[in-house]
Amino acid sequence: MGGRPRRAEREPVMTRWVLHVDLDQFIAAVEVLRRPELRGRPVVVGGDGDPTERGVVATASYEARAHGVHSGLPLRTAARRCPEAVFLPVDADAYRAVSSRVMATLRGFDAVVEVLGWDEAFLAVAGDDPETTARRIRARIRAATGLECTVGIGRNKLQAKLATGLGKPTGVFRLTHRNWFEVLGGRPTDALWGIGAKTARRLRAAGIATVGDLAAADPRALAERFGPATGPWLVRLAQGRDHSPVDGAPRVPRSRGRETTYQRDLRDWRDVRREVANLARQVAGEAAAERRPAARVVVKVRYAPFATRTRGRTLEAPTAEAARIEEAALAALDRFTERRPVRLLGVRAEFAR
DNA sequence: TCTGGGGTCCTAGGACCC
DNA sequence: TCTGGGGTCCTAGGACCC
């Protein structure tokens, strides 16, 4: 009776871990930080802060979530579900400032730091005790900003990211191949990072309801249904496999855009044309400030009630010149033949690579 | 309950070329 | 006339995430 080699059971001396740090109810927490009298009250941040207008919830505090208010919910609905909530406008500059302090704190650790957004980052760390590192991260962020966060620990970014959701709020959770199926095997596929409602529905139609089902599926069969890259990737996702590196290099944006939902639909297409020109000049200003020439300009039109169309124009040569970008946006707009009432307009500049 | 704004990446289909 | 197969690029749109 030889049994298994013991080496396979033993952890290497120095192990690589991925930690995912996610601030708890970040936007609402920043608002409470500068208005302490709001602590403990339902706070809803979104749009212009007026729950009678068009807009959706960006973040709700846990007190508001208890009333069924969550991100993406129309503000009007949020007001109906939680009339006593405090409604605040989105103040991107304030969140960016706090975010910078959070990320600077994380860069103080001996780790590669990949920033994901205002309130999230991955850290690649070495060591045998990632929980201790996680608790130090939580303590230092609290000391530096007064904010709470949750830390997920995994062998890769996928595991760490999902671990965070299991540790929230204000916790630390470790998710590896050892407990992956125990924790996630019976959950619906949209529990995974990258599978949303649409893909989950298509998977159910193929007889795949849970993470466990998907992990056992045939990658070739899914390639037929979901495409040659996406199909096999879905199976790897369900198995908790992910080899993407934690990338500390600063992100170089591929595009920059501006879009606006109008409080009242635009019915006169002279207004539409003027608004597209405005958006194009704003985008051009940002492209020029970042010294990024645009190679293509795409205009988005959302007709009332909600049908969305895009049309683009490739520039003869990449440019950050406002007049050229505005011209291209108006040329793209001219390709829209339907002159129905418009709910939203957007202009996006795609940068030369 | 009428559905934001900022992005990224992938796919399908047509054009074009050999 | 009736005409294969493959590669690559471009465009529009879908899906997803924060």
Side-chain angles (χ1 to χ4, degrees), chain A residues 20 22-23 25-28 44-59 67-82 89-92 95-96 99 115-121 157-158 161-162 164-165 189-190 192-203 223-234 237 244 247 251-263 265 279 282-283 286 295-315 332 335-336 343-351 353:
Chain A
H20 177 254
D22 192 317
L23 280 289
Q25 46 172 2
F26 176 65
I27 290 174
V44 177
V45 185
D48 298 327
D50 181 349
T52 67
E53 295 211 323
R54 283 178 174 173
V56 300
V57 176
T59 299
H67 290 82
V69 177
H70 54 81
S71 299
L73 193 74
L75 289 176
R76 288 188 239 248
T77 312
R80 213 168 303 128
R81 290 193 186 175
C82 190
V90 173
D91 181 355
Y95 315 140
R96 251 191 296 275
S99 176
V115 177
L116 268 191
W118 283 344
D119 64 339
E120 278 184 55
K157 296 204 287 191
L158 172 62
K161 168 79 182 173
L162 289 175
T164 301
T189 56
D190 59 6
L192 294 166
W193 186 36
I195 297 185
K198 297 287 172 69
T199 303
R201 196 190 320 135
R202 286 177 66 195
L203 285 166
E224 300 275 318
R225 280 183 182 248
F226 292 90
T230 302
W233 170 74
L234 289 168
L237 201 61
S244 65
D247 183 357
R251 279 204 162 275
V252 181
R254 295 173 174 271
S255 70
R256 177 171 286 282
R258 278 298 187 94
E259 62 184 62
T260 306
T261 294
Y262 297 95
Q263 289 301 327
D265 299 337
L279 290 166
Q282 287 180 51
V283 167
E286 288 162 9
R296 184 177 159 76
V297 179
V298 179
V299 170
K300 174 151 99 174
V301 174
R302 175 124 74 209
Y303 295 104
F306 210 68
T308 309
R309 296 282 177 273
T310 59
R311 291 287 182 275
R313 179 78 160 196
T314 301
L315 295 151
R335 298 182 56 204
F336 288 86
R343 173 189 175 90
L344 167 146
L345 290 172
V347 174
R348 175 161 296 279
E350 296 178 358
F351 298 133
R353 311 203 30 187

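Numbers restart at 1 for each chain; the letters A, B, ... are given by sequence-line order, proteins then strands.
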Verify the contact: side-chain N or O of [X] to OP1 or OP2 of [N], cut-off strictly under 4.0 Å; return yes or no.
X: A/Thr310; N: C/dG13; value: yes
X: A/Lys198; N: C/dC17; value: no
X: A/Thr261; N: B/dT3; value: no
X: A/Arg335; N: C/dA12; value: yes
X: A/Thr260; N: B/dG4; value: no
X: A/Arg258; N: B/dG6; value: yes
X: A/Arg256; N: B/dG7; value: yes
X: A/Arg80; N: B/dT1; value: no
X: A/Thr199; N: C/dC16; value: yes
X: A/Arg251; N: B/dG7; value: no
X: A/Arg348; N: B/dG5; value: no

Rounded distance in Å between the C1' positions of C/dT3 and B/dC17: 16 Å

query: Looking only at atom P, what distance separates B/dC2 and C/dC18, rounded to whole Å?
result: 27 Å

NA contact type, [X], heavy-atom cut-off 4.0 Å: base, sugar-phosphate, or nothing?
X: A/Arg302; answer: sugar-phosphate
X: A/Trp118; answer: nothing
X: A/Leu116; answer: nothing
X: A/Gly196; answer: sugar-phosphate
X: A/Ala197; answer: sugar-phosphate
X: A/Leu23; answer: nothing
X: A/Gly117; answer: nothing
X: A/Arg81; answer: base
X: A/Pro253; answer: sugar-phosphate
X: A/Gly46; answer: nothing
X: A/Leu75; answer: nothing
X: A/Ser71; answer: nothing

For the residue pair [X] and [Y], what are the closest heavy atoms and their distance?
X: A/Phe336; Y: A/Val299; result: CZ-O, 3.7 Å
X: A/Val44; Y: A/Leu75; result: CG1-CD2, 4.3 Å
X: A/Val283; Y: A/Arg256; result: CG1-O, 3.6 Å
X: A/Asp265; Y: A/Ala304; result: OD2-CB, 3.3 Å

field: Of A/Asp91, A/Val57, A/Ile27, the residue whose pairing with A/Val45 passes side chain to side chain contact (heavy atoms under 4.5 Å, CB included)
entry: A/Ile27

task: Go through A/Leu234 and A/Thr189 one step at a time and tell me if the side-chain contact (heavy atoms from CB on, under 4.5 Å) criterion holds.
output: CA-CA 9 Å; A/Leu234 289 168; A/Thr189 56; over 6 Å; no

I need the [atom1]-[atom2] distance between [X] and [N], as an integer number of Å.
X: A/Ile27; N: B/dG5; atom1: CD1; atom2: C1'; result: 11 Å
X: A/Leu162; N: C/dC17; atom1: CG; atom2: P; result: 10 Å
X: A/Tyr262; N: B/dT3; atom1: OH; atom2: P; result: 16 Å
X: A/Arg225; N: C/dG14; atom1: CZ; atom2: P; result: 20 Å
X: A/Asp190; N: C/dC16; atom1: CG; atom2: P; result: 9 Å
X: A/His70; N: C/dC18; atom1: NE2; atom2: P; result: 15 Å
X: A/Lys300; N: B/dG7; atom1: NZ; atom2: P; result: 11 Å
X: A/Tyr95; N: B/dG5; atom1: OH; atom2: P; result: 15 Å

message: Counting only heavy atoms from other residues, nucleotides and ligands, does the tally under 6.0 Å from CZ of A/Arg313 exceed 12?
response: no

Which nucleotide, [options], lies nearest any side-chain atom of [X]?
X: A/Thr230; options: C/dC18, B/dC10, B/dT8; answer: B/dC10
X: A/Arg76; options: B/dT8, B/dT11, B/dC2; answer: B/dC2
X: A/Thr314; options: C/dT11, B/dT3, B/dT1; answer: C/dT11
X: A/Arg311; options: C/dA12, B/dT8, B/dT11; answer: C/dA12
X: A/Arg254; options: B/dG6, B/dT3, B/dC9; answer: B/dC9
X: A/Glu259; options: B/dG7, B/dG5, C/dC18; answer: B/dG5

query: Okay, side chain of A/Gln263, backbone of A/Arg54: is any donor-acceptor separation there less than 3.5 Å?
result: yes

message: Has A/Arg76 got a side-chain atom pairing as donor or acceptor with A/Thr52's backbone, closer than 3.5 angstrom?
response: yes

For B/dC18, the Watson-Crick or wobble counterpart (both distances under 3.5 Å): C/dG5

- request: Let me know, please, whether A/Ala58 or A/Ala229 comes out on the 5' side of the other along DNA chain B by nearest nucleotide.
  value: A/Ala58

